[in-house]
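By convention in this document, chain letters (A, B, ...) are assigned in the order of the sequence lines, proteins followed by strands, and residues within each chain are numbered from 1.
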Number of protein chains: 2
Amino acid sequence: MGSLTEENYIKSIYALSEATGEVYVSELAKKLEVKLPSVNSMVKRLATKKLVAYAPYKGIKLTEKGKKEALAIIRKHRLAELFLVKVMGLGWEEVHDIAEQLEHVNSSRFYERIDELLNRPKFDPHGEPIPDSNGKIHNQQRTSLIHLEEGLTATITAVTEDEKSFLDHLNAKGLQIGDAVTIKKRELFDGSITLLHKSKKEILLTHQVAERIWVEV
Amino acid sequence: MGSLTEENYIKSIYALSEATGEVYVSELAKKLEVKLPSVNSMVKRLATKKLVAYAPYKGIKLTEKGKKEALAIIRKHRLAELFLVKVMGLGWEEVHDIAEQLEHVNSSRFYERIDELLNRPKFDPHGEPIPDSNGKIHNQQRTSLIHLEEGLTATITAVTEDEKSFLDHLNAKGLQIGDAVTIKKRELFDGSITLLHKSKKEILLTHQVAERIWVEV
DNA sequence: ATAAATTGTTAGACGACTCTAATATTTTAA
DNA sequence: TTAAAATATTAGAGTCGTCTAACAATTTAT
Ligand SMILES: [Mn+2]
Ligand SMILES: [Mn+2]
Ligand SMILES: [Mn+2]
Ligand SMILES: [Mn+2]
């Protein structure tokens, strides 16, 4: 276990590499809100610790060791989020920032107990999968709302963003994980989508919002 | 809110000053397990931040601001300990180390919720008082077991130590907060004490252990 | 009252993490 | 294919928190 800063770098590298496989110094700098030289020197340090593979001017890649550490932190983050919602009664929109801190708590006992109390949960409050204690992640196939044809009905399974402002927006629209929705209209002009919700209300979502909502048909 | 390190200094200064009012650099160094010059330079920093009053070769004293911060951290520590025991089902001997980490979590929402769930508790699992959200602490008058006359019966209200090894020792002896005990014998030679416990068992405690147990007659 | 022991401070250094300014490499566009 | 733009690295410095070694002040014991 490295420092808090190190853990945050590892986690961000993992998150960014999910899509592409390789991560660039500039992306990481943006995500972590630090300047390029800071990332450059930290990445060198991570490389000497064998947490990332890195050659100057080439991309950054997590080693197996680094990936394992990333998954351990993500596991703690997501367990914490679910715990905050299910046991402590907080809203899904307010748990991410607290979990950002709790994910660095070093205590297998603490997390073992959370896992037990929640009955070895598989998904966090935002529908993200929780890696098991070996770092194995149960990957669902995901479709974004924006890819659904008009007339189709689907169930919301996850959102790919847990920033408060985004989740507040969904709360205001009355959307939750598990809700069934039917695509009523897809606007060609701006990509916005009108849903028919189980509450019988019509809900208009902009493209920007709809693309962050994942469903299962 | 200062850094984690700063918070730990403030907390230790508060703990040490509880008895004497003034704290010396060497005591603090011992408690924090750092060398004298480290303490010296940190204390200077804390002084420029008006968290302590300090003059070279004189003692260290928390300012009102410093005291307030100390009590806020202690509040979080003790709320966390009680939460870990009552809600998460951990043992009183294993919560201190986790609380050492949780006390630095910065989230009023998190602690407000814990306080609520525990119904605004007044004491932590070791019988220590929990300061209220204004830093007000409900001070009980405390008597140590070693000051009780033979024949007296009293209730255990607190232990002044939450190190695992000490609490494991009490667990092995079967002693808990709230237990009634009668002083059967006080040995003059080594200060050890024989108790009669509600479980009808006789329990022998060394002076070193007995002096850390507080009772109410 | 001087010496010895204890306690505290200063000087100087180092690791972790960050920054700005200057420079180098790679990519893209003319 | 050279110039411009985008990316990445190096050089050098600053803060925080720690250390060792050397020195200074205070307390205690002879
Ligand atoms: Mn999150
Ligand atoms: Mn989440
Ligand atoms: Mn404690
Ligand atoms: Mn306690």
Side-chain angles (χ1 to χ4, degrees), chain A residues 1-14 16-17 19-62 65-66 69-70 73 100-101 103-104 106, chain B residues 1-14 16-17 19-62 65-66 69-70 73 100-101 103-104 106:
Chain A
M1 265 227 340
S3 67
L4 186 148
T5 314
E6 207 178 288
E7 290 190 355
N8 284 334
Y9 271 83
I10 294 292
K11 191 170 56 121
S12 293
I13 295 168
Y14 182 90
L16 291 171
S17 69
T20 52
E22 290 228 327
V23 179
Y24 297 91
V25 176
S26 48
E27 297 178 66
L28 200 43
K30 196 178 196 181
K31 174 135 189 164
L32 291 166
E33 298 183 285
V34 295
K35 303 295 176 178
L36 284 172
S38 307
V39 171
N40 185 262
S41 63
M42 176 57 94
V43 166
K44 282 189 209 160
R45 270 209 294 282
L46 296 176
T48 64
K49 291 194 178 187
K50 309 279 185 201
L51 289 163
V52 304
Y54 167 72
Y57 294 100
K58 300 282 177 292
I60 304 157
K61 250 183 108 162
L62 287 177
K65 190 182 165 197
E69 195 173 320
I73 303 164
E100 283 291 307
Q101 299 181 61
E103 74 190 8
H104 302 289
N106 176 19
Chain B
M1 263 226 340
S3 66
L4 187 148
T5 313
E6 208 177 284
E7 291 191 353
N8 284 334
Y9 272 83
I10 294 291
K11 189 169 56 122
S12 292
I13 294 168
Y14 182 90
L16 290 170
S17 69
T20 51
E22 290 230 327
V23 179
Y24 296 92
V25 176
S26 48
E27 298 177 67
L28 201 44
K30 197 181 195 178
K31 174 132 187 165
L32 291 165
E33 297 183 287
V34 296
K35 303 295 174 177
L36 285 173
S38 307
V39 172
N40 187 262
S41 63
M42 176 57 92
V43 166
K44 282 189 209 160
R45 272 210 291 280
L46 295 176
T48 65
K49 292 193 178 186
K50 308 280 187 202
L51 290 163
V52 304
Y54 165 72
Y57 292 102
K58 301 282 178 292
I60 304 157
K61 250 184 108 164
L62 286 177
K65 189 182 166 198
E69 195 173 320
I73 303 163
E100 283 292 308
Q101 298 180 64
E103 73 190 8
H104 303 290
N106 176 17

Would you mind reading off the distance between K49(B) atom NZ and dC16(D) atom P, rounded to a whole angstrom? 7 Å
Considering only nitrogen or oxygen atoms on both sides, find all protein atoms under 3.5 Å from nucleotides 5-9 of chain D and state each distance.
| unit_1 | atom_1 | unit_2 | atom_2 | d |
| --- | --- | --- | --- | --- |
| dA8(D) | OP2 | S26(A) | N | 2.9 |
| dA8(D) | OP2 | S26(A) | OG | 2.6 |
| dA8(D) | O3' | Y57(A) | N | 3.3 |
| dT9(D) | OP1 | Y54(A) | OH | 2.3 |
| dT9(D) | OP1 | Y57(A) | N | 2.8 |
| dT9(D) | OP2 | N40(A) | ND2 | 2.5 |
| dT9(D) | OP2 | Y54(A) | OH | 2.9 |
| dT9(D) | O5' | N40(A) | ND2 | 3.1 |

Step-by-step side-chain contact (heavy atoms from CB on, under 4.5 Å) determination, Y14(B) to L62(B): CA-CA 7 Å; Y14(B) 182 90; L62(B) 286 177; 3.7 Å; yes
Atom CE of M42(B) and atom C1' of dT15(D) are separated, to the nearest Å, by 12 Å
Interatomic distance, CD1@I13(A) vs NZ@K61(A), rounded to 0.5 Å, equals 13.0 Å
Between side-chain atoms of residues 21-29 of chain A and protein atoms elsewhere (two or more places apart, or another chain), which donor-acceptor pairs fall under 3.5 Å?
| unit_1 | atom_1 | unit_2 | atom_2 | d |
| --- | --- | --- | --- | --- |
| E27(A) | OE2 | Y24(A) | N | 2.9 |

What's the CD1-P distance between I10(A) and dC17(C), to the nearest Å? 11 Å
Rounded to whole Å, how long is the line connecting atom CD of E33(A) with atom P of dC19(C)? 10 Å
Send over the distance from R45(B) CZ to dG14(D) C1', rounded to a whole Å. 13 Å
Is the phosphate of dG17(D) approached by S38(B) (side-chain N or O, under 4.0 Å from OP1 or OP2)? no
Using atom CD1 of I60(B) as one end and atom C1' of dG8(C) as the other, report the distance to the nearest whole Å. 10 Å
Going by salt bridge (Lys or Arg N to Asp or Glu O under 4.0 Å), name the pairs with one or both residues in residues 32-52 of chain B, residues two or more places apart or in two chains. E6(B)-K49(B)
From the options dT18(C), dT18(D), dT20(C), select the nucleotide whose nearest atom is closest to the side chain of K35(A). dT20(C)
Residue list, salt bridge (Lys or Arg N to Asp or Glu O under 4.0 Å) with K31(B), at least two apart or on another chain: none
Taking 4.0 Å as the cut-off, does a side-chain nitrogen or oxygen of S3(B) come that near to OP1 or OP2 on dC16(D)? no
Output all residues satisfying salt bridge (Lys or Arg N to Asp or Glu O under 4.0 Å) with E103(A), sequence neighbours left out; order by chain, then residue number. K11(A)
